[in-house]
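So the structure is just underneath, and the comments pick up after that.
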Amino acid sequence: MKTIYLDCETTGLDPVLGSIVEIGIVDDQGVAIVDSLVNPERRILQGAINVHHITNEMVQDAPTREQILPQIVEACKGKKVVIYNAPFDLSFLSEVEEVAKEICCCMLPFAEHYQEWSDYYNGWKWQKLGVAAEYVNHPIGDAHRAVDDARACRAVWR
């Protein structure tokens with residue numbers, strides 16, 4: 001079974017009120033198979049822009065989620081899809097769960113491997129992707145851009 005790595009950037013943290021603004025999917029060699037800005041058809045909030053630096057002007061001529069979705073579904077169909085924070089990204093892309101052979105969250109096994117305990121959560125503390133990438137000596141490139149984050153997820157997973 002082929003493995004691919006997926007990351008998306010969004011207008012915010014709430015999938016009900018937010019939308020995808022960028023999608024990146026790389027194969028097991030790290031080659032981008034989907035790399036696109038996405039027009040969210042709503043304003044990107046300044047807080048999100050401060051994180052990923054994707055502006056409303058950058059996405060105005062990009063395909064919409066509905067236009068890019070067939071490409072995303074085709075890339076994920078029958079594959080093992082690894083996502084750093086799978087529950088978050090899948091809350092914006094539930095269609096991936098329907099077509100993937102397997103979904104793996106990279107963040108949880110990394111948290112267990114890293115072993116920073118959280119008394120508050122009574123479990124291993126979730127680490128940011130940047131921490132995980134640095135731990136495996138992977139230069140993250142442009143953090144919070146989808147393809148670079150998907151490649152970082154690949155490095156951590158492998």
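On a predicted model such as this, the values are computed, not experimentally measured, just so you know.
Atoms NZ and CD1, on K79 and I33 in that order, are 6.0 Å from each other to the nearest 0.5 Å. Taking NZ from K2 and SG from C76, the interatomic distance works out to 13.5 Å, rounded to the nearest 0.5 Å. For the atom pair N39 CG and I44 CD1, the distance stands at 8.5 Å (nearest 0.5 Å). Taking CD of Q127 as the reference point, atom OH of Y84 lies at 6.5 Å (rounded to 0.5 Å).
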message: Please evaluate residues Y5 and D149 with respect to the criterion side chain to side chain donor-acceptor pair (under 3.5 Å), reporting the C-alpha separation (whole Å), side-chain torsions for both, the decisive distance (0.1 Å), and the verdict.
response: CA-CA 9 Å; Y5 306 84; D149 285 0; over 6 Å; no
- prompt: Which is it for N56 and Q60 under the side chain to side chain donor-acceptor pair (under 3.5 Å) test, yes or no, and what are the steps along the way?
  reply: CA-CA 6 Å; N56 291 293; Q60 68 186 4; over 6 Å; no
field: CA sep, side-chain torsions, deciding dist, call: S19, R65, side chain to side chain donor-acceptor pair (under 3.5 Å)
entry: CA-CA 8 Å; S19 299; R65 181 186 185 283; over 6 Å; no
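The number of heavy atoms from other shown groups lying within 6.0 Å of CD (E134) does not exceed 12.
In the hydrophobic clustering of ILVMFWY residues, with side-chain heavy atoms under 4.5 Å counting as a link, V38 and M58 come out apart. Grouping the Ile, Leu, Val, Met, Phe, Trp and Tyr side chains by contacts below 4.5 angstrom, directly or via other members, places I103 with F88. Clustering ILVMFWY residues whenever any of their side-chain heavy atoms sit less than 4.5 angstrom apart, transitively, puts V31 in a cluster other than the one holding I83. Note: the hydrophobic cluster containing V34 does not contain V147 (ILVMFWY, side chain heavy atoms under 4.5 Å, direct or indirect links). Grouping the Ile, Leu, Val, Met, Phe, Trp and Tyr side chains by contacts below 4.5 angstrom, directly or via other members, places Y114 apart from W117.
Put simply, the side chain of H52 does not reach to within 4.5 Å of the side chain of E22, judged on heavy atoms. With a 4.5 Å cut-off on side-chain heavy atoms, H144 and H53 do not count as touching. Here the side chains of D7 and C153 are not in contact, with every heavy-atom distance at 4.5 Å or above. Side-chain contact between L69 and E95: present, with at least one pair of heavy atoms (C-beta onward) separated by less than 4.5 Å. V73 has its side chain out of reach of E98: every pair of non-hydrogen atoms, C-beta onward, lies at least 4.5 Å apart. Contact annotation: the side chain of I68 never approaches that of I20 to less than 4.5 Å [non-hydrogen atoms, C-beta and beyond]. Put simply, the side chain of T11 does not reach to within 4.5 Å of the side chain of L17, judged on heavy atoms. F92 has its side chain out of reach of E9: every pair of non-hydrogen atoms, C-beta onward, lies at least 4.5 Å apart.
For the pair A111 and K125, the tightest heavy-atom approach, listed with the atom from each and the gap, is CB-O, 3.4 Å. Closest heavy-atom contact between S91 and P15: O-CB, 3.4 Å. Residues A86 and C105 share a closest heavy-atom pair of N-SG, 3.5 Å. A133 approaches V156 most closely through the heavy-atom pair N-CG2, 3.8 Å. Closest heavy-atom contact between R151 and G30: NE-O, 2.7 Å. Between C106 and V82, the closest heavy-atom pair is CB-CG1, 3.9 Å.
The main-chain N or O of D28 is found under 3.5 Å from a side-chain atom of R158 such that the two form a donor-acceptor pair.
Of the candidates V96, D89, I72, L90, D89 is the only one forming a side-chain contact (heavy atoms from CB on, under 4.5 Å) with C8. Of the residues Y135, W157, W126, the one that meets the ring-ring contact (aromatic ring centres under 6.0 Å, His included) test with F110 is Y135.
Cluster partners of V51 are absent, since no Ile, Leu, Val, Met, Phe, Trp or Tyr has side-chain heavy atoms less than 4.5 Å from it.
Remark: E112 pairs with W124 by the side-chain contact (heavy atoms from CB on, under 4.5 Å) rule, at least two apart or across chains. Applying the salt bridge (charged side-chain N to carboxylate O under 4.0 Å, His left out) criterion to E97, with sequence neighbours excluded, gives no partner residue.
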